[in-house]
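Counting starts at 1 for both ligands and their atoms, following the listed order.
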Amino acid sequence: MKIVRFMVAMLSVAAITGCCDSNDKKCGDAVFLNEKAVMETIMTRRSIRDYKDEPVCREAMAEVLKCGIYAPSALNQQPWAIRVVDSKEFLDGVTAIAVAQNPKIAEQPNFRNFFRNAPTVAFIACPIESYSGEFDCGLLSENMMLSAWSKGIGSCCLGSVVPVMNSPEAKPYLERLQLPADYKLQVAIAFGYPATDLLPVAPERDETKAYYID
Ligand SMILES: Cc1cc2nc3c(=O)[nH]c(=O)nc-3n(C[C@H](O)[C@H](O)[C@H](O)COP(=O)(O)O)c2cc1C
């Protein structure tokens, strides 16, 4: 049944692209019509560190979550737990704890909350003991951030949230996430509509890190 579904999907793609014979394809030819859109989304995504107050609409977030869980995972174990919070009371509560622990963070320009002012935050957790949980959560996270960006929703991975959430003061908030007992919080991801239209410049990438071995 799964194979039939796959074949139907591939035939549909071929019908859309007019491509049936792989011999006709040139190196890098698009399989999907929206290849450019995918690459543009990847290349223009930046970590957004200031957002409008308006939480991400839940319908859009549902699609972002769906794209997340369609990420690959080892043996399709899907070893993640994702909790989305758009409660101002929750985010402000964690912010108060973070500021009490490190008052300097509140000195950042435009500071409103500890989540880079995001009104919606996804908390991503994976099993404490897992062969590939962290890796799989990384793939899930990137799927979420890219699909969000394709809808104009900005995002920022926030590793700095983890030690605060794991601190004794934040225990009530960690408990509210209802993570399975054998899971650890891996990362938080800020989501929201960027506060300005001006996108950050991409921090430099070192392209010498990837090359062919002949
Ligand atoms: C695992 C992880 C943790 C991160 N933690 C933070 C963080 O705590 N605060 C922050 O502002 N950015 C954080 N970032 C964002 C990185 O700083 C950012 O991705 C990097 O500088 C590249 O910039 P770009 O995302 O705009 O391409 C984190 C990114 C990753 C992947």
Pocket residues around ligand 1 (non-hydrogen, under 4.0 Å) come out as Arg45, Arg46, Ser47, Arg49, Arg116, Cys156, Cys157, Leu158, Gly159, Ser160, Pro203, Arg205
Could you list the residues that satisfy side-chain contact (heavy atoms from CB on, under 4.5 Å) with Ala74, not counting sequence neighbours? Tyr131, Ser132, Asp136
May I ask you to say whether Lys184 pairs ionically with Glu134, meaning some side-chain N is under 4.0 Å from a carboxylate O? yes
Could you note down all residue pairs passing salt bridge (Lys or Arg N to Asp or Glu O under 4.0 Å) where residues 147-163 supplies at least one of them, sequence neighbours left out? Glu63-Lys151
Is it the case that the side chains of Trp149 and Ser155 hold a donor-acceptor pair, with the cut-off being a distance below 3.5 Å and no angle test? no
My understanding is that only residues two or more places apart in sequence, or in another chain, count here; which of them pass side-chain contact (heavy atoms from CB on, under 4.5 Å) with Asp86? Pro55, Arg58, Thr120
Between the main-chain N or O of Asn110 and the side-chain N or O of Asn117, is there a donor-acceptor pair closer than 3.5 Å? yes
